[in-house]
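Just below is one structure, and these are the notes that go with it.
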Amino acid sequence: MAEEETIQDEQEQIKQRREKLSTLREEGIAFPTDFRRDVVAGELHAEYGEKAAEDLEATPVRVKVAGRMMTRRVMGKASFCHIQDMSGKIQLYVTRDVLPEGYYNQQFKKWDIGDILGAEGILFKTKTGELSVKVDNIRLLTKALRPLPEKFHGLADQETKYRQRYLDLIMNDVTRETFLVRTRIISFIREFLTHSGFLEVETPMMQAIPGGATARPFETHHNALDMGLYLRIAPELYLKRLVVGGFENVFEINRNFRNEGLSTRHNPEFTMLEFYQAYADYHDLMNLTEDMLRQLAKQVLGKTKITYQGEEYDFDKPFTRMSVKESILHYNPELKPEDIDNIDSACKVAEGLKIPLKDSYGLGKIQIEIFEKTVEHRLMDPTFITAYPVEVSPLARRNDDDPFVTDRFEFFVGGREIANGFSELNDAEDQAERFRKQVEEKDAGDMEAMHFDADYITALEHGMPPTAGEGIGIDRLVMLFTDAPSIRDVLLFPHMRPKA
RNA sequence: GGGCCGUUAGCUCAGUCGGUAGAGCACCGGACUUUUAAUCCGAUGGUCGGGCGUUCGAAUCGCCCACGGCCCA
């Protein structure tokens with residue numbers, strides 16, 4: 001059966017390449033490991049790209065390069081090819097007469113596009129001025145058995161780009177650049193927070209009680225302990241335990257898991273930055289966020305006007321700040337404050353907007369439904385929305401002047417939520433009461449409602465200093481900065497259904 | 001979950017009214033010592049996503065399924 005599949009799988013080109021490999025095996029070591037390069041393509045272009053042909057001739061530079069052969073143009077006794085390494089491409093000029101007798105025809109010409117080569121030679125410029133290596137020693141380091149996608153159109157099929165990301169990375173510069181930017185963003189944030197006095201930590205990915213967010217968790221099982229465990233939906237409660245423990249400023253950049261549907265904005269596992277700062281409040285975090293994102297744009301993209309899907313967002317001008325209620329009234333000018341101030345009129349507004357309501361919804365939840373329906377997608381330039389109702393903020397500190405809302409904000413760009421932060425609820429008794437409310441909702445059938453985490457309450461009872469905390473969705477931030485329409489474009493290996 | 005679109009050679013794509021499947025690139029053979037989508041000559045390559053049905057005959061029409069994309073909930 002397996003044999004049958006193999007035969008089916010064997011395309012003509014793969015067969016030919018297997019035969020070439022078989023010959024290589026007979027001739028010696030088919031997969032050598034002893035070649036060492038001394039430079040990568042990007043360094044060569046940076047250092048010698050601007051040099052005149054005469055200068056390169058006057059002081060010969062000898063280099064060893066390696067990479068995947070991406071193109072080849074054979075013209076009788078001479079050939080050009082490009083090899084690609086992590087930093088870019090460099091052209092090789094290979095001629096028959098400087099190689100050992102028979103090597104050019106019997107070896108080099110039998111290699112295929114996609115094979116991985118090591119080459120040694122002198123830098124020079126071609127007639128058209130392209131920096132190239134005049135090769136006098138070249139070896140096949142790895143035989144590729146499968147052909148690459150077509151050189152001109154590259155790899156366009158979305159599904160293959162996601163399922164075989166390595167092909168996408170080989171063929172598409174834009175894809176490579178996207179993931180380089182992703183890494184630069186994460187590096188910048190790590191350095192920014194570290195330099196601001198935050199300590200990077202790691203907290204459990206497997207939790208007995210999944211806390212810190214309202215979402216359905218993945219469940220797993222620990223065999224030796226014979227107990228159920230959950231993949232975390234957020235690190236929040238553990239990070240705040242660390243604040244109780246005296247690690248006053250901490251951050252973690254790591255994966256969260258949520259057992260929900262997939263979309264252009266949702267992947268079951270996604271990367272989150274969470275950070276906590278003691279002796280600070282949510283205003284301090286809004287300021288920090290604004291500062292960090294502005295610097296991030298400058299440093300990573302070299303500009304503060306970001307183009308996303310044809311729209312431009314300015315990170316240079318001060319970010320807008322308004323409350324949930326203000327934003328609802330601002331984007332629904334026909335509404336008066338009293339229309340959303342009590343549950344009966346708010347229900348009418350929601351019904352007018354065709355928002356399905358549940359009996360369990362209080363005024364706060366209804367306001368948020370109205371906000372999500374009429375405001376969220378219109379928050380284009382960077383905007384902080386503040387004063388979220390207590391009802392939808394079970395871990396946030398109650399506002400001193402208006403106990404209906406919390407000292408909380410969310411941050412939006414391009415109509416999408418990027419961050420969520422608040423002054424932390426460090427009143428253990430209030431927190432216990434909020435957990436009880438959540439458990440009631442869970443018992444009433446809300447699969448996303450929180451568990452009661454007694455251990456966390458105990459931690460709070462030991463005293464957590466006044467603290468503000470925030471989470472930033474790294475994937476959505478990367479989407480924004482790389483102009484990616486789907487979260488799958490910024491995840492190296494996005495979740496896919498099994499193919500067959 | 002619903003709607004729309006897509007799935008044809010290794011890759012990128014055509015395929016008319018239902019009548020035995022096409023191109024470019026890649027690959028194979030040949031020519032060629034500054035090419036860069038190299039060029040020129042010649043040849044090979046197909047489970048048309050899967051299944052069922054309609055039909056003398058299906059890549060094409062119908063139904064079901066799978067996977068993907070976009071939009072909506």
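Chain naming here is simple, since letters A, B, ... match the order of the sequence lines and numbering starts at 1 in each.
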Distance between the [atom1] atoms of [N] and [M], in whole angstroms?
N: B:G50; M: B:A43; atom1: C1'; value: 33 Å
N: B:G45; M: B:A21; atom1: C1'; value: 12 Å
N: B:G10; M: B:G3; atom1: C1'; value: 35 Å
N: B:C63; M: B:U54; atom1: P; value: 15 Å
N: B:G42; M: B:C32; atom1: C1'; value: 16 Å
N: B:A23; M: B:A37; atom1: C1'; value: 16 Å
N: B:C28; M: B:G68; atom1: P; value: 34 Å
N: B:U44; M: B:C52; atom1: C1'; value: 35 Å

Tell me: [atom1] of [X] to [atom2] of [N], nearest whole Å?
X: A:Ile90; N: B:U34; atom1: CD1; atom2: C1'; result: 15 Å
X: A:Asn105; N: B:U33; atom1: CG; atom2: P; result: 11 Å
X: A:Phe152; N: B:U39; atom1: CZ; atom2: C1'; result: 17 Å
X: A:Leu357; N: B:A73; atom1: CG; atom2: P; result: 15 Å
X: A:Arg265; N: B:C72; atom1: CZ; atom2: C1'; result: 12 Å
X: A:Glu150; N: B:A23; atom1: CD; atom2: P; result: 15 Å
X: A:Asp157; N: B:C70; atom1: CG; atom2: P; result: 13 Å
X: A:Ile113; N: B:A37; atom1: CD1; atom2: P; result: 13 Å

Salt bridge check, [Y] against [X]: does any charged N sit closer than 4.0 Å to a carboxylate O?
X: A:Arg184; Y: A:Glu177; answer: yes
X: A:Arg182; Y: A:Asp475; answer: yes
X: A:Glu269; Y: A:Arg255; answer: yes
X: A:Lys143; Y: A:Asp112; answer: yes

Is there a side-chain contact between A:Ile368 and A:Pro389 in this structure, where contact means two heavy atoms from C-beta onward sitting under 4.5 Å apart?
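Yes, close enough: below the 4.5 Å cut-off.
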
Taking the side chain as C-beta and beyond, is there a heavy-atom pair between A:Thr482 and A:Tyr308 under 4.5 Å?
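Counting from C-beta outward, A:Thr482 and A:Tyr308 never come under 4.5 Å.
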
Who pairs with A:Glu219 by side chain to side chain contact (heavy atoms under 4.5 Å, CB included), at least two apart in sequence or on another chain?
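Once residues adjacent in sequence are excluded, the partners of A:Glu219 under the side chain to side chain contact (heavy atoms under 4.5 Å, CB included) criterion are A:Tyr230.
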
Do [X] side-chain and [N] base share a donor-acceptor contact under 3.5 Å?
X: A:Glu130; N: B:U34; value: no
X: A:Tyr93; N: B:U33; value: yes
X: A:Gln13; N: B:A26; value: yes

Below 4.0 angstrom from OP1 or OP2 of [N], is there any side-chain N or O of [X]?
X: A:Lys77; N: B:U33; answer: yes
X: A:Lys151; N: B:C11; answer: no
X: A:Lys134; N: B:U33; answer: no
X: A:Arg73; N: B:U35; answer: no
X: A:Arg497; N: B:G68; answer: yes

Quick one: on RNA chain B, does A:Leu148 or A:Pro356 contact a more 5' nucleotide (nearest heavy atom)?
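The 5'-side residue here is A:Leu148.
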
With RNA chain B as reference, determine whether A:Pro149 or A:Ser132 sits nearer its 5' end, using the nearest nucleotide of each.
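The 5'-side residue here is A:Pro149.
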
Could you tell me whether [X] contacts a base, only the sugar-phosphate backbone, or nothing, with contacts defined as non-hydrogen atoms closer than 4.0 Å?
X: A:Phe124; answer: base
X: A:Arg96; answer: nothing
X: A:Thr126; answer: base
X: A:Met171; answer: nothing
X: A:Lys161; answer: nothing
X: A:Gly154; answer: sugar-phosphate

Pair assignment for [N], Watson-Crick or G-U wobble, requiring both distances under 3.5 Å:
N: B:C52; result: B:G62
N: B:C70; result: B:G3
N: B:U44; result: none
N: B:U39; result: B:A31
N: B:G22; result: B:C13

Could you work out, with side chain to side chain donor-acceptor pair (under 3.5 Å) as the rule, every residue matching A:Glu260, not counting sequence neighbours?
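For A:Glu260 there are no side chain to side chain donor-acceptor pair (under 3.5 Å) partners, ignoring immediate neighbours.
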
Check every atom of [options] against the side chain of [X] and return the nucleotide holding the closest atom.
X: A:Phe80; options: B:U12, B:U33, B:U34; value: B:U34
X: A:Gln158; options: B:C67, B:U35, B:G69; value: B:G69
X: A:Arg488; options: B:C27, B:G69, B:U35; value: B:G69

